[in-house]
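Written below as structure tokens is the structure these notes are about.
Labels below follow one simple rule: chain letters A, B, ... track the order of the sequence lines, proteins then strands, and each chain is numbered from 1. Remember, predicted model here, so these are calculated numbers, not experimental data.
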2 protein chains.
Amino acid sequence: MFLQYAAMTFDKSASAGYLANHMARLFARGLRARIEPLGLTVGQFPVMLELWEGDGLTQKELRVRLDIEQATIANTLNRMERDGLIRRTRNEGDARVQRVWLTERARTLRAPAYAAATAQNAAALASLTEAERARFLHDMERVIASMQESEGG
Amino acid sequence: MFLQYAAMTFDKSASAGYLANHMARLFARGLRARIEPLGLTVGQFPVMLELWEGDGLTQKELRVRLDIEQATIANTLNRMERDGLIRRTRNEGDARVQRVWLTERARTLRAPAYAAATAQNAAALASLTEAERARFLHDMERVIASMQESEGG
DNA sequence: TTATGTAGCATAGCTTGCTATGTTTTTGCA
DNA sequence: TGCAAAAACATAGCAAGCTATGCTACATAA
């Protein structure tokens, strides 16, 4: 009886995938509201994080570091170039490769963007203690690692 | 010095929002691969979970339960009707309201869809103990609740 | 050297999320 | 009763994710 019951129900609030999706949408909503005044979008944000740490990266380097598909990064870079956040140059020595550079405007956004992301993270983690936050981040990393493994092999 | 350093850097692997987004994308990739043979998509899946528990819900009821925007659920329902998963009827008594009903085909997908979601959750949580999983799900619910609060007020 | 394969990027077309806005029906109040 | 506000849903248009496919440049092997 119990097994049959278990097979016929699915508690969404006990589903990691369901909760992860909901949590990520709420993070995106909050961050979107905070960075919209800066002229940034939530998809551009992770690219900016990489480039603020050091630009001149190739499209492939961004794709690998951010773990997104090649077509996704290509389209995001198109919008970022359109919006005046980046410029792209061809690589000498290998004409297939392009390098991505921040514009001056993009550089000025760094501090307020960090502040926006930090504020959103703080709001999200408000009810957790410092120890619980560290543990929670670590658990997310473990879950990410598990899915990356089951993806690759 | 330390504060200045902290203000000028942003460790993405220490950012809850960054990790939540990455984790949710990996969940979606895995679930997409598992339910694609069933003719279901990741956006339709949460709607199906609600309807399998009892159909005849209104669009507004789905919107509130799933915490997505009205336009999003409207478009998802359009695709589900197109794909033969649901039918919509007008509510007697209030012509503005519609009720959503599963088709026979949609009902047959319940067991294999539950199995797919369960398998994806298991793969994701493989490296966590049973106690850690429970704690992790609970922490996600707390984080979700915090963001919903800061949204509403 | 030439043919074949691979690497890097672009493009087409889809889903799923969002905001903004329009339409119709119902409600509520003067 | 009639009119304004609100409620429920539809639609337009954008961002960001995906798969599939195409193009060009480079590498490699016969």
Side-chain angles (χ1 to χ4, degrees), chain A residues 18 20-36 39-48 57-64 66-83 85-86 88-100 151, chain B residues 18 20-36 39-48 57-64 66-83 85-86 88-100 151:
Chain A
Y18 191 98
N21 173 267
H22 192 184
M23 185 170 67
R25 284 189 290 111
L26 288 167
F27 266 112
R29 278 186 206 166
L31 185 63
R32 181 181 300 119
R34 292 178 198 272
I35 64 179
E36 189 273 336
L40 289 177
T41 63
V42 294
Q44 296 167 351
F45 199 88
V47 179
M48 297 294 280
L57 298 177
T58 69
Q59 188 180 110
K60 181 185 176 181
E61 284 169 334
L62 286 169
R63 171 177 74 73
V64 171
L66 301 179
D67 190 16
I68 56 181
E69 293 302 317
Q70 179 266 324
T72 300
I73 185 65
N75 284 324
T76 295
L77 290 176
N78 280 342
R79 286 187 292 270
M80 292 176 74
E81 192 165 35
R82 179 202 64 191
D83 296 348
L85 293 168
I86 60 161
R88 284 184 275 194
T89 60
R90 282 289 153 189
N91 195 24
E92 63 263 35
D94 190 337
R96 293 171 303 181
V97 177
Q98 61 178 218
R99 295 197 173 275
V100 181
E151 229 183 12
Chain B
Y18 191 98
N21 174 268
H22 192 183
M23 185 170 67
R25 284 189 289 111
L26 287 167
F27 265 112
R29 278 186 206 166
L31 185 63
R32 181 181 300 119
R34 291 177 198 273
I35 65 178
E36 189 271 337
L40 289 177
T41 63
V42 294
Q44 295 168 350
F45 199 88
V47 180
M48 297 294 279
L57 298 176
T58 68
Q59 189 180 111
K60 181 186 178 182
E61 284 169 334
L62 287 168
R63 171 177 74 73
V64 171
L66 301 179
D67 190 15
I68 55 182
E69 294 300 318
Q70 179 266 325
T72 301
I73 185 65
N75 283 324
T76 296
L77 290 175
N78 281 342
R79 286 187 293 269
M80 292 177 75
E81 191 164 37
R82 179 202 64 190
D83 296 348
L85 292 168
I86 60 161
R88 284 185 274 193
T89 61
R90 282 289 153 189
N91 195 23
E92 63 263 38
D94 190 338
R96 293 172 303 180
V97 177
Q98 63 178 218
R99 295 197 174 275
V100 181
E151 228 183 13

(request) Check side-chain contact (heavy atoms from CB on, under 4.5 Å) between B/A74 and all other residues, then give those that pass, not counting sequence neighbours. (result) B/Q59, B/Q70
(request) Kindly give the heavy-atom pair with the smallest separation between A/L62 and A/L77, and that separation in Å. (result) CD1-CD2, 4.2 Å
(request) Mind listing the closest non-hydrogen atom pair of A/E61 and A/R99 along with its distance? (result) OE1-NH1, 4.3 Å
(message) Let me spell it out: for each of A/G93 and A/E69, pick the nucleotide of DNA chain D with the closest heavy atom. Which residue's pick is nearer the 5' end?
(response) A/E69
(request) Summarise how protein sits on nucleotides 6-16 of chain C as a single string, 5' to 3': B when a protein heavy atom is under 4.0 Å from the base, S for sugar-phosphate-only contact, - for no contact. (result) -BSBBBB--SB
(request) Could you check B/L26 against B/R29 for side-chain contact (heavy atoms from CB on, under 4.5 Å), going step by step and ending with a plain yes or no? (result) CA-CA 5 Å; B/L26 287 167; B/R29 278 186 206 166; 3.8 Å; yes
(request) Please test B/V100 against B/M80 for side-chain contact (heavy atoms from CB on, under 4.5 Å), starting from the C-alpha separation and ending with a verdict. (result) CA-CA 10 Å; B/V100 181; B/M80 292 177 75; over 6 Å; no
(message) Please evaluate residues A/V47 and A/L85 with respect to the criterion side-chain contact (heavy atoms from CB on, under 4.5 Å), reporting the C-alpha separation (whole Å), side-chain torsions for both, the decisive distance (0.1 Å), and the verdict.
(response) CA-CA 10 Å; A/V47 179; A/L85 293 168; over 6 Å; no
Once you round it to whole Å, what is the distance between [atom2] of [N] and [atom1] of [X]?
X     : N      : atom1 : atom2 : answer
B/I73 : D/dA7  : CD1   : P     : 20 Å
B/E92 : C/dT25 : CD    : C1'   : 16 Å
B/L57 : D/dC9  : CG    : P     : 11 Å

(request) Answer yes or no: is there a side-chain heavy-atom contact under 4.5 Å between B/N78 and B/R82? (result) no
(request) Give me the residues of residues 27-35 of chain B where at least one heavy atom lies under 4.0 Å from an atom of DNA chain D, by number, or none. (result) B/R29, B/R32
(message) Applying side-chain contact (heavy atoms from CB on, under 4.5 Å) to A/R25 and A/N21, what does each step give before you reach the verdict?
(response) CA-CA 6 Å; A/R25 284 189 290 111; A/N21 173 267; 3.0 Å; yes
